[in-house]
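Written below as structure tokens is the structure these notes are about.
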Amino acid sequence: MIDSRWRSDDHGSAYTGIPRGRGRPRRGGRPSDGRRHGRHGPGQQRIGGLPELVSLRRAGIGGISLDGSAARIGATTTLAEVEESPELAFLRDAVRSIASPAIRSLATVGGNLFVPQPYGDLAVCLLALDATVEIAGPDGSREVPVDVVLANGVAPGEVVTAVRLAVPAPGTWFYHKAMRRKLNSAAIVAVAAVVGTAGGVVTSARIALGGVAPRPVRAVSAEGVLIGRPLETDVLDEAGRAARGDIEPFDDAYASAWYRARVLPVHLRRAFLG
């Protein structure tokens, strides 16, 4: 493994290049290790033709900072660090549903953006939170919405350096994950949402789903059902049925596509009502 070539500056971290053809940056490691050994899931591709992997662990792009309700999480921040952060306590239950403590001590926030479904539960949360992603590359730095990165990745030679999000107001964050066992299990269905209410009805809704498509997706149909209505069982069941129009479920060792679509309304309701 070769060293990363980064330097810190007044604006965060500046990209200075990886030797052409030498390597590819490495994220937290677990799913990418599987690809190197030929085990593939939905949307996965082999890593081939590269003699080295590039570690960014000491590149200076980790850490969590908060400015009011605006949070910035460095790309090499581990899931364990997010789990332990008092500033991001609302994410604790979601992070604890990911893999095992040993894996969370290595897996990174930046890496989770590129993990194929049914993994990548933090990416589902970031989509619900309308996060933005800081990216650095040979042509400079840019910031893009997380849904763009989830859909298109990053350009050759670019590296994610951080994600930015607004910490949701108390009582507006919801998360639920259905899985086969409590630890180290991928999602059958994951639901993350930021929903605002006033006067007993929903005034704003942003819902993201995991485990039901090749990448995390917005449940825009469900959001439309909720606006202007109370968070009650019959409304949530209707929203869950509507959400089936937003998904592309698949078969894997955890569940069939049919089963994922079948139970989606149940788990969307449980995200809000328990």
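Residue numbers start at 1 and run along the sequence shown. Treat the numbers as computed from the prediction; the structure is a model and nothing was measured.
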Find out if a path of hydrophobic residues (ILVMFWY) with successive side-chain heavy-atom gaps under 4.5 Å connects [X] to [Y].
{"X": "Val194", "Y": "Val167", "answer": "yes"}
{"X": "Val266", "Y": "Leu268", "answer": "no"}
{"X": "Ile227", "Y": "Leu231", "answer": "yes"}
{"X": "Trp258", "Y": "Val217", "answer": "yes"}
{"X": "Leu66", "Y": "Leu165", "answer": "yes"}

A side-chain contact here means heavy atoms from C-beta on lying under 4.5 Å apart; do [X] and [Y] qualify?
{"X": "Tyr259", "Y": "Pro249", "answer": "no"}
{"X": "Val191", "Y": "Val124", "answer": "no"}
{"X": "Val95", "Y": "Arg104", "answer": "yes"}
{"X": "Asn152", "Y": "Val144", "answer": "no"}
{"X": "Leu209", "Y": "Leu264", "answer": "yes"}
{"X": "Arg244", "Y": "Pro265", "answer": "yes"}
{"X": "Leu113", "Y": "Val163", "answer": "yes"}

If you take all heavy atoms of [X] and [Y], which pair is closest and at what distance?
{"X": "Ala102", "Y": "Ser105", "answer": "O-OG, 2.6 Å"}
{"X": "Ala208", "Y": "Ala128", "answer": "CB-N, 3.6 Å"}
{"X": "Ala213", "Y": "Gln117", "answer": "O-CB, 3.1 Å"}
{"X": "Gly120", "Y": "Val115", "answer": "N-CG1, 3.7 Å"}
{"X": "Ala222", "Y": "Ala242", "answer": "N-CB, 4.3 Å"}
{"X": "Phe114", "Y": "Gly153", "answer": "CE2-CA, 4.1 Å"}

For atom [atom1] of [X], decide whether the heavy atoms of other residues, nucleotides or ligands shown that lie under 6.0 angstrom number more than 12.
{"X": "Glu143", "atom1": "CD", "value": "yes"}
{"X": "Asp67", "atom1": "CG", "value": "no"}
{"X": "Arg142", "atom1": "CZ", "value": "yes"}

If you measure from [atom1] on [X] to [atom2] on [Y], what distance do you get to the nearest 0.5 Å?
{"X": "Leu126", "Y": "Thr132", "atom1": "CG", "atom2": "OG1", "answer": "10.0 Å"}
{"X": "Asp246", "Y": "Ile207", "atom1": "CG", "atom2": "CD1", "answer": "9.5 Å"}
{"X": "His176", "Y": "Leu273", "atom1": "NE2", "atom2": "CG", "answer": "11.5 Å"}
{"X": "Ser204", "Y": "Glu223", "atom1": "OG", "atom2": "CD", "answer": "9.5 Å"}
{"X": "Leu79", "Y": "Ile73", "atom1": "CG", "atom2": "CD1", "answer": "10.0 Å"}
{"X": "Leu122", "Y": "Leu127", "atom1": "CG", "atom2": "CG", "answer": "11.5 Å"}

Could I get the full list of salt bridge (Lys or Arg N to Asp or Glu O under 4.0 Å) partners for [X], not counting sequence neighbours?
{"X": "Arg269", "value": "Asp237"}
{"X": "Arg206", "value": "Asp130"}
{"X": "Arg229", "value": "Glu238"}
{"X": "Arg96", "value": "Glu83"}

Check the angle between the aromatic planes of Phe272 and Phe174 and answer parallel, tilted or perpendicular using the 30° and 60° thresholds.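 Phe272 and Phe174: tilted rings.
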
If the threshold is 4.0 Å, N to carboxylate O, is there a salt bridge linking Asp147 and Arg218?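 Result for this pair is no, no salt bridge flagged.
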
State which residue, out of Val109, Ile98, Asn112, Thr108, fulfils the side chain to side chain contact (heavy atoms under 4.5 Å, CB included) condition with Val82. Val109

Backbone of [Y] reached by a side-chain donor or acceptor of [X] within 3.5 Å:
{"X": "Lys177", "Y": "Asp121", "result": "no"}
{"X": "Trp173", "Y": "Phe90", "result": "yes"}
{"X": "Thr172", "Y": "Gly196", "result": "no"}
{"X": "Arg164", "Y": "Ala70", "result": "no"}
{"X": "Arg72", "Y": "Ala162", "result": "no"}

Let me see the working for Arg260 and Asp252 under side chain to side chain contact (heavy atoms under 4.5 Å, CB included), right down to the final yes or no. CA-CA 10 Å; Arg260 285 184 156 99; Asp252 66 5; 3.0 Å; yes

All ring-ring contact (aromatic ring centres under 6.0 Å, His included) counterparts of Tyr175, not counting sequence neighbours: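 With neighbours one apart ignored, the set is empty.
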
Any residue meeting side-chain hydrogen bond (donor to acceptor under 3.5 Å, both in side chains) with Thr77, in chain and number order, not counting sequence neighbours: none

